[in-house]
Amino acid sequence: MPLLTYDQTRPWAKSIREKVALGQMPPWHAAEPLGTFSNDRRLTAAEKDTLIQWATTGAPQGDPKDMPPTPKFADGWDIGTPDVVLSMAKAFQVPASGTINYQYFTVPTNFTEDKWVQAIEVRPGTRSVVHHVLVFCREPDAQPRPPAFVQVPTKSDATSRTADPVAPRPTGPGTLIATTAPGTNAMSFEPGSAMRIKAGSTLLFQIHYTANGKAAEDQSSVGIIFAGKPKQEIRNSAFVNISLKIPPGAANQEVDSAIEFKEDVHITALFPHTHLRGKSWQYRMVYPDGRSEVVLSVPKYDFNWQTYYVFAQPLAVPKGSRLEAAAYYDNSAANTWNPDPKVEVRWGEQTWQEMQYTGISYFVDLTTSTR
């Protein structure tokens, strides 16, 4: 519902008071203090008190002359008017019912020179049937540049991967550069930082459609705002554990993954992703000198609010550091979102299956980079 005017907001006063008091709105799921993340949606204690007091005293209107101007948006784009919009070549026909496998659409950039991206936003054509869109970039190089880290064994490898050496591996669609899903925002980079799309690159849209009882068509797009050559190149990658096994009825099953950095880097954002059984996440950085610290804790993960956690100050990570990611799953009957607590759950694309996936954005420190 819109909350732009007093008349729109007043009927929701009691609900606003309840959700604000419980910390459910605005939605935010990381436990770190305010100021840790630049996109933190949480209210300060003073802001909460103001809203609760307003609702408790009858939600008075106040002086209309003090109302700030209504925000203006650039034709529906959060990032502002894009320099270029790249779209699916033709609309996809979404059926009224049934399970729809992930759909993939190739979109050429036709860039004749390398482009630096300051902001990027995915725009679904028909939001009511689009659950998420992932936009991958496929560079023309035969051998894409590897990430600044390697995935390393974890404690769960001794059981799940050894016991199941033929676990399927996901295909490599390219580098993830943009996302829209419930709760995600458009991605904008700080001045002096930008993401590169090489000349001749092709975009691949992975789209998860969800039938809603009415046939529809969708033609999704991605909008891009360009930047000049930056001081720091933002790079995007991911690491996963696709050998996950969650036993029937398990209420707090841990599945871990880990990476080790081969260069000095600064991490700018982390993106934890599981499906309906996802319960919580914790990321621990183990430094070469033996120190360790939790850099991101998500004690109440919510599939309906997929969040890139963008560090207000990029996290300095020296070469040789190890980032350990632990996801916890509730496959019990007590999980009201659980599709079926009686089955063992494996990796899969559909929401009744599961993932242990972490997106990571970073830049390599120029003083140590050899590339």
Side-chain angles (χ1 to χ4, degrees), residues 79 82 84 86 88 102-111 113-122 132-151 169-181 184-190 193-208 220-227 229-230 232-242 257 259-263 265-273 306 308-310 314 317 323 325 349 355-365 369-371:
I79 60 174
V84 66
L86 303 172
M88 294 161 49
Y102 281 20
Q103 299 295 311
Y104 294 85
F105 306 93
T106 300
V107 179
T109 64
N110 297 318
F111 294 161
E113 61 181 7
D114 290 0
K115 294 289 189 180
W116 292 99
V117 176
Q118 190 69 61
I120 187 166
E121 179 179 353
V122 181
H132 76 244
V133 182
L134 305 184
V135 179
F136 298 90
C137 181
R138 287 175 163 174
E139 297 182 349
D141 301 338
Q143 295 294 330
R145 177 176 54 178
F149 59 82
V150 293
Q151 193 148 350
R169 296 293 184 259
T171 58
T175 300
L176 181 65
I177 62 170
T179 305
T180 187
T184 58
N185 294 322
M187 187 65 73
S188 296
F189 305 112
E190 293 295 320
S193 300
M195 177 178 63
R196 180 172 62 173
I197 298 180
K198 287 188 176 181
S201 292
T202 299
L203 303 186
L204 181 71
F205 288 17
Q206 179 207 81
I207 306 185
H208 181 185
S220 293
S221 306
V222 62
I224 300 172
I225 293 178
F226 296 130
K229 187 174 182 179
Q232 297 159 341
E233 178 187 354
I234 299 295
R235 295 166 61 179
N236 297 291
S237 191
F239 59 100
V240 301
N241 184 341
I242 63 168
S257 58
I259 56 176
E260 183 176 310
F261 291 89
K262 297 303 183 182
E263 301 182 72
V265 307
H266 277 75
I267 297 175
T268 58
L270 291 171
F271 176 66
H273 174 72
Q306 306 281 325
Y308 278 89
Y309 294 96
V310 182
V317 181
L323 180 60
E349 293 181 336
M355 289 187 176
Q356 202 266 25
Y357 173 101
T358 297
I360 180 171
S361 299
Y362 64 95
F363 59 84
V364 176
D365 294 355
S369 175
T370 58
R371 303 183 215 138

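- If you check the side chains of S201 and E139, you find no donor sitting under 3.5 Å from an acceptor.
- Rounded to the nearest 0.5 angstrom, Q306 CD and N185 CG are separated by 12.0 Å.
- Judged by distance alone, with hydrogens and angles left aside, the side-chain atoms of Q151 form a donor-acceptor pair with the main-chain N or O of V240 at under 3.5 Å.
- Here the side chains of I120 and V135 are not in contact, with every heavy-atom distance at 4.5 Å or above.
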field: side chain to side chain contact (heavy atoms under 4.5 Å, CB included) assessment of V150 paired with K262
entry: CA-CA 7 Å; V150 293; K262 297 303 183 182; 3.5 Å; yes

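- The structure places OH of Y102 at 5.5 Å from CD of E349, a figure rounded to the nearest 0.5 Å.
- Side-chain contact check for H208 and Q103: no donor-acceptor pair (N or O, by modelled atom type) lies under 3.5 Å.
- Here the CD1 atom belonging to I267 is positioned 9.0 Å from the CZ atom belonging to F149, to the nearest 0.5 angstrom.
- Side chains of F205 and V107 form a contact here, defined as non-hydrogen atoms less than 4.5 Å apart.
- The two residues A199 and P140 come nearest to each other via the heavy atoms O-CG, 3.2 Å.
- Side-chain N or O atoms of Y362 include one that pairs as donor or acceptor with a backbone N or O of A148 at under 3.5 Å.
- Residue E190 places its CD atom among 12 or fewer non-hydrogen atoms of other residues, nucleotides or ligands, all under 6.0 Å distant.
- Looking at Y104, its side chain never comes within 3.5 Å of a backbone N or O of I207 through a donor-acceptor pair.
- Separation of the Y308 and H273 ring centroids does not fall under the 6.0 Å cut-off.
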Check against side chain to side chain contact (heavy atoms under 4.5 Å, CB included), H132 and Q206: CA-CA 8 Å; H132 76 244; Q206 179 207 81; 3.1 Å; yes

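- Applying the side chain to side chain contact (heavy atoms under 4.5 Å, CB included) test between I360 and each of I259, N236, L176 identifies I259 as the sole match.
- Distance check: K198 NZ to T175 OG1 gives 10.0 Å after rounding to the nearest 0.5 Å.
- Every residue two or more places apart in sequence or in another chain that forms a side chain to side chain contact (heavy atoms under 4.5 Å, CB included) with T358 is listed here: F239, L270, W281, Y283, A325.
- Side-chain contact between I197 and W116 is absent, with no heavy-atom pair separated by less than 4.5 Å.
- Between F189 and M187, the closest side-chain pair of non-hydrogen atoms falls below 4.5 Å.
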message: As a quick check of understanding, evaluate side chain to side chain contact (heavy atoms under 4.5 Å, CB included) for M195 and I177, giving each step before the final call.
response: CA-CA 8 Å; M195 177 178 63; I177 62 170; 3.7 Å; yes

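- Using a 4.5 Å heavy-atom cutoff, the side chains of F105 and L204 are not in contact.
- With values rounded to the nearest 0.5 angstrom, I242 atom CD1 is found 11.0 Å from Q356 atom CD.
- A heavy-atom distance below 4.5 Å is found between the side chains of V222 and L203.
- Judged by distance alone, with hydrogens and angles left aside, the side-chain atoms of T268 form a donor-acceptor pair with the main-chain N or O of S361 at under 3.5 Å.
- Looking at heavy atoms from C-beta onward, Y309 lies in side-chain contact with P272 at the 4.5 angstrom threshold.
- The side-chain hydrogen bond (donor to acceptor under 3.5 Å, both in side chains) test with S193 singles out one residue from E233, Q232, Q118, H266, and that residue is Q232.
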